[in-house]
Amino acid sequence: MSAVSSDINLIAGRYDGKRTMHYCLMLFLVGWITFGIGWLVWQHRLSNRIGAELSRRGIAYQFSASTYWGWGVLGALIVVGPFVYLYKLFRAMNLLAAHYNTFG
């Protein structure tokens, strides 16, 4: 997840002007101070940012914050949901990285 936060800043930073907080900072400091709410907000914003970059680049893959809330949070009730979310997240990042490596 540390690489995901760094990579999305590299790939999307110059186009959307946003910056995603590094995962280690979120994990070890902010998440605990906010009693877990920081983790939810961080994942929500990261998922939206990845989805926006996918559509800006014209990549036909559906990913957004609803993927996080559906699979990552509600899917935890069926145990495998968070794993499906992580698969979708890493697939989206691989698609973005391949496009970035090809077209910049």
Does Arg19 offer a backbone N or O that forms a donor-acceptor pair with the side chain of Asn9 under 3.5 Å? no
Backbone N or O of Lys18 within a donor-acceptor pair of the Arg49 side chain at under 3.5 Å?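 Flag set: sc Arg49 to bb Lys18 pair under 3.5 Å.
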Non-hydrogen atoms of [X] and [Y] that approach each other most closely:
| X | Y | result |
| --- | --- | --- |
| Tyr61 | Leu54 | O-CD1, 3.8 Å |
| Ser47 | Tyr85 | OG-OH, 2.8 Å |
| Gly72 | Pro82 | O-CG, 3.8 Å |
| Thr67 | Gln62 | OG1-O, 4.4 Å |
| Ala92 | Phe63 | CB-CG, 4.2 Å |
| His22 | Ser2 | CE1-OG, 2.8 Å |

Working to the nearest 0.5 Å, report the span between [atom1] of [X] and [atom2] of [Y].
| X | Y | atom1 | atom2 | result |
| --- | --- | --- | --- | --- |
| Ile59 | Leu96 | CD1 | CG | 5.0 Å |
| Leu10 | Tyr100 | CG | OH | 4.0 Å |
| Trp71 | Ile78 | CH2 | CD1 | 5.0 Å |
| Trp42 | Met1 | CH2 | CE | 4.0 Å |
| Ile11 | His99 | CD1 | NE2 | 10.5 Å |
| Ile33 | Phe28 | CD1 | CZ | 13.5 Å |

Does Arg57 qualify as a cation-pi partner of Phe103, given the criterion of NZ or CZ under 6.0 Å from the six-membered ring centre and within 45 degrees of its axis?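 Geometry flag: not set, cation outside 6.0 Å or 45°.
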Tyr15, OH: over 12 other non-hydrogen atoms inside 6.0 angstrom: yes
More than 12 heavy atoms of other residues, nucleotides or ligands under 6.0 Å from CZ of Phe90: is that the case? yes
Linking I/L/V/M/F/W/Y whenever their side-chain heavy atoms sit closer than 4.5 Å, directly or via other members, would [X] and [Y] fall into one cluster?
| X | Y | result |
| --- | --- | --- |
| Trp39 | Ile37 | no |
| Phe83 | Leu74 | no |
| Val80 | Tyr87 | no |
| Ile50 | Leu86 | yes |

Arg91 vs Asn94, side-chain contact (heavy atoms from CB on, under 4.5 Å): CA-CA, chis, key distance, verdict: CA-CA 5 Å; Arg91 172 121 170 100; Asn94 283 336; 5.7 Å; no
Of Val41, Asn48, Leu40, the one forming a side-chain contact (heavy atoms from CB on, under 4.5 Å) with His44 is Asn48
